[in-house]
Amino acid sequence: YDQCLNIKFFKENGLMSNPFKFDRIRSGKEKIYATEGQLMLVVEHCKLIGEYTIGLAFLITFYWQVREKDILEKMFWYNYNPNKFVDLPFTKNHKKVLQRKILFANNTILFPEIENYINDLPTNYKLSKNMITQKRYRRAYPYKTFNNKVREILDTLELSKVGITFESFRHGGITDLANSGLTESEIKANTKHKNTQSLKPYIHQTHTQEISGQIKRLNKKQLENK
């Protein structure tokens, strides 16, 4: 194993890289996820500084689990119907398809956090073709500009100190689904993960899930004893 990690050995013997692809040892570090409380802190700050569409981007990645790349490059208002549905881009693994997110079912608004935020946008910020646009120019955010803005916001709120990034909010949204008691099948239906294995890095075995599991166990035992 040590020899396989010796990149210098392979280069000295005429290979450009390590054929075993052990250039670095995987740390196994758990993905950092943001909480809903941290999300609301960021969203309120975005309102305060007038970055309404960036606040919307945070809400979208948390509640709809949309990746940053798709939000910036691909997200338009595809067939958006308030309280009904919206078609979201999905380009992972080079797939260019739309995935339908249902917004209203059984007389219930499924994402009131996003619906209310959109309804409360100032008139001059009403969404155009691109969902996430720069506040002055009404153009889509360049990737670098968006990341700089996000970093400034997270730095101001001191969330960067604990390792929170924009991607952390998508991870947090998936973990929030697990904490809400959804089954793995229900989580996959929302996140569009194809198998449980690929979903595992995002679902943390938190104390919330531990407590929820024990409550379910006690409830079941009480029903059996009646």
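Keep in mind that the numbers below use all heavy atoms, side chains included, and drop hydrogens, waters and symmetry copies.
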side-chain hydrogen bond (donor to acceptor under 3.5 Å, both in side chains) with Glu113: which residues, sequence neighbours excluded? none
Please name all residues satisfying side-chain hydrogen bond (donor to acceptor under 3.5 Å, both in side chains) with Tyr117, sequence neighbours left out, ordered by chain then number. none
Partner residues of Glu167 under the salt bridge (Lys or Arg N to Asp or Glu O under 4.0 Å) criterion, sequence neighbours left out: Arg170
Residues which pass side-chain contact (heavy atoms from CB on, under 4.5 Å) with Thr156, listed by chain and number, not counting sequence neighbours: His45
Is there side-chain contact between Leu223 and Asn219, with heavy atoms separated by less than 4.5 Å? no
Can you list every salt bridge (charged side-chain N to carboxylate O under 4.0 Å, His left out) pair that touches residues 172-184, not counting sequence neighbours? none
Under the rule for side-chain contact (heavy atoms from CB on, under 4.5 Å), what residues qualify as partners of Lys101, not counting sequence neighbours? Trp64, Gln65, Val86, Leu88, Leu103, Phe111, Asn190
If the condition is side-chain contact (heavy atoms from CB on, under 4.5 Å), which residues does Asn106 pass it with, not counting sequence neighbours? none
Taking side-chain hydrogen bond (donor to acceptor under 3.5 Å, both in side chains) as the test, write out the residues that go with Glu36, two or more places apart. Tyr63
Of all residues at least two apart in sequence or in a different chain, which pass the salt bridge (Lys or Arg N to Asp or Glu O under 4.0 Å) check with Glu158? Lys161
Heavy-atom pair with the smallest gap, counting every atom of Thr61 and Phe58: CG2-O, 3.3 Å
Please list, chain by chain and in numerical order, all residues satisfying ring-ring contact (aromatic ring centres under 6.0 Å, His included) with Phe62, sequence neighbours excluded. none
Remaining members of hydrophobic cluster (4.5 Å side-chain criterion), Phe104: Ile109
With Asn148 via side-chain contact (heavy atoms from CB on, under 4.5 Å) - residues at least two apart: Lys144, Arg151
